[in-house]
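Take a look at the structure set out below.
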Amino acid sequence: MTMSHPQAVLILAGIAQKPGTTKRDSLTIARRVLRRICAYREAIHDQRRALRREAAKLRAFEPFTKQQADALEQQARDYGAAQLEAVRPVLLAYGGDLIRDHSGYMEALGFDAVCDLLNVNTVEREQARRDGVDDLSGLVFVHNLEDSASHRGEDFKQGPLFEACFAAMGHFIRTAPKGTLPDPFSPHGPLYGAPVRMVQPDGTVTVKRPDLTVHDASGSRVVKR
């Protein structure tokens, strides 16, 4: 009989708690747990997308099918919501541990052993070494090297460990107290130069553009925009 993803996660979690579990075992179990969780989440999202596609087909025959289409879209929003909420804390816990390497995998196992466990291809491994990557978050989150050969050359990042780190980072950004994170739109931020849409108290939307530095014969001056 095929084991469900939640059942597999519980069994793996129990194995991880056994005395004598090594760092190698723990990292292997973490990968398998997160692979199961990601597959579980993806199956839910697949079903949601299927329901939305059916709703979109019905929209073509509105107003006669509006009620049915609305019901399908609501069903899509509700499908698997409790299950997604249940696995979210597990995803966040693993992601936070991996980003900070609280478990000390890199120190205990070393760069090459960790790369072996993450299935980092030799080509990407040596490039990471040349780039000075020496921490777990650099391997799995920044450079996304888990199973590196399987997604070489792709423009987007993926993988169970990356998904866990991404979820944890997103949660941290959303919940950080106001003012504790640097402004990404500041002159030294990654989004400097991008226009910012601001919603005013009356509901209108204005676009704030970054200050412009103008250089001419009189010198340099900053133009507020």
Side-chain angles (χ1 to χ4, degrees), residues 1-53 75-106 108-109 112-121 124-125 128 135-152 154-175:
M1 187 174 74
T2 303
M3 187 182 302
S4 70
H5 293 305
Q7 287 175 322
V9 168
L10 288 174
I11 291 173
L12 289 167
I15 295 172
Q17 298 301 316
K18 289 184 177 181
T21 301
T22 66
K23 294 295 184 184
R24 181 180 294 272
D25 295 335
S26 295
L27 185 54
T28 300
I29 290 169
R31 288 194 70 198
R32 291 182 178 179
V33 167
L34 291 172
R35 192 179 298 130
R36 284 283 190 168
I37 288 176
C38 288
Y40 188 46
R41 294 169 75 236
E42 186 59 27
I44 291 172
H45 289 304
D46 282 346
Q47 182 60 29
R48 287 181 167 189
R49 284 188 286 267
L51 290 167
R52 291 191 180 104
R53 285 195 296 270
Q75 188 179 344
R77 287 190 291 271
D78 294 341
Y79 183 84
Q83 290 85 345
L84 290 174
E85 191 61 30
V87 300
R88 178 175 165 76
V90 182
L91 197 67
L92 294 178
Y94 273 106
D97 180 64
L98 291 166
I99 287 176
R100 299 175 182 84
D101 196 8
H102 287 317
S103 295
Y105 294 123
M106 193 65 79
L109 300 172
D112 283 303
V114 168
C115 286
D116 287 342
L117 291 171
L118 298 180
N119 195 26
V120 180
N121 184 273
E124 285 81 19
R125 181 183 309 196
D135 61 339
L136 189 58
S137 64
L139 286 173
V140 301
F141 188 43
V142 178
H143 294 275
N144 186 215
L145 294 180
E146 180 187 13
D147 294 323
S148 60
S150 66
H151 53 84
R152 182 182 298 153
E154 292 179 346
D155 294 331
F156 58 91
K157 296 181 179 180
Q158 61 176 323
L161 299 190
F162 172 80
E163 293 295 337
C165 292
F166 185 77
M169 182 60 71
H171 177 74
F172 169 73
I173 292 172
R174 287 192 301 271
T175 58

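All values derive from a computational prediction rather than experimental measurement.
You'll find the side chain of L136 reaches within 4.5 Å of the side chain of L118, heavy atoms only. Within the 4.5 Å cutoff, the side chain of L145 has no heavy atoms near those of the R125 side chain.
For the residue pair R48 and Y79, the shortest heavy atom distance occurs at NE-O, 2.8 Å. Contact between M106 and L139 at its shortest, heavy atoms only, is CE-CD1, 3.6 Å.
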Taking distance alone, no hydrogens or angles, what donor-acceptor pairs closer than 3.5 Å link side-chain atoms of residues 80-97 to residues at least two apart or in another chain?
| from | atom 1 | to | atom 2 | distance (Å) |
| --- | --- | --- | --- | --- |
| R88 | NH2 | H171 | ND1 | 3.4 |
| D97 | OD1 | S103 | N | 3.2 |
| D97 | OD1 | S103 | OG | 3.1 |
| D97 | OD2 | S103 | OG | 3.0 |

Under 3.5 Å, which donor-acceptor pairs do the side chains of residues 27-34 form with other protein atoms, sequence neighbours left out?
| from | atom 1 | to | atom 2 | distance (Å) |
| --- | --- | --- | --- | --- |
| T28 | OG1 | R24 | O | 2.9 |
| R31 | NE | E146 | OE2 | 2.9 |
| R31 | NH1 | L117 | O | 2.6 |
| R31 | NH2 | E146 | OE2 | 3.2 |
| R31 | NH2 | D147 | OD1 | 3.1 |
| R31 | NH2 | D147 | OD2 | 3.0 |

> Are L109 and D116 close enough, and set up right, to give a side-chain contact (heavy atoms from CB on, under 4.5 Å), and what steps lead you there?
Replying inline: CA-CA 10 Å; L109 300 172; D116 287 342; over 6 Å; no
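Taking CZ from F141 and CD1 from I99, the interatomic distance works out to 5.0 Å, rounded to the nearest 0.5 Å. Here I173 contributes atom CD1 and M169 contributes atom CE; the two are 6.0 Å apart, rounded to the nearest 0.5 Å.
Remark: R100 CZ is loosely packed, at most 12 non-hydrogen atoms of other residues, nucleotides or ligands lying under 6.0 Å away.
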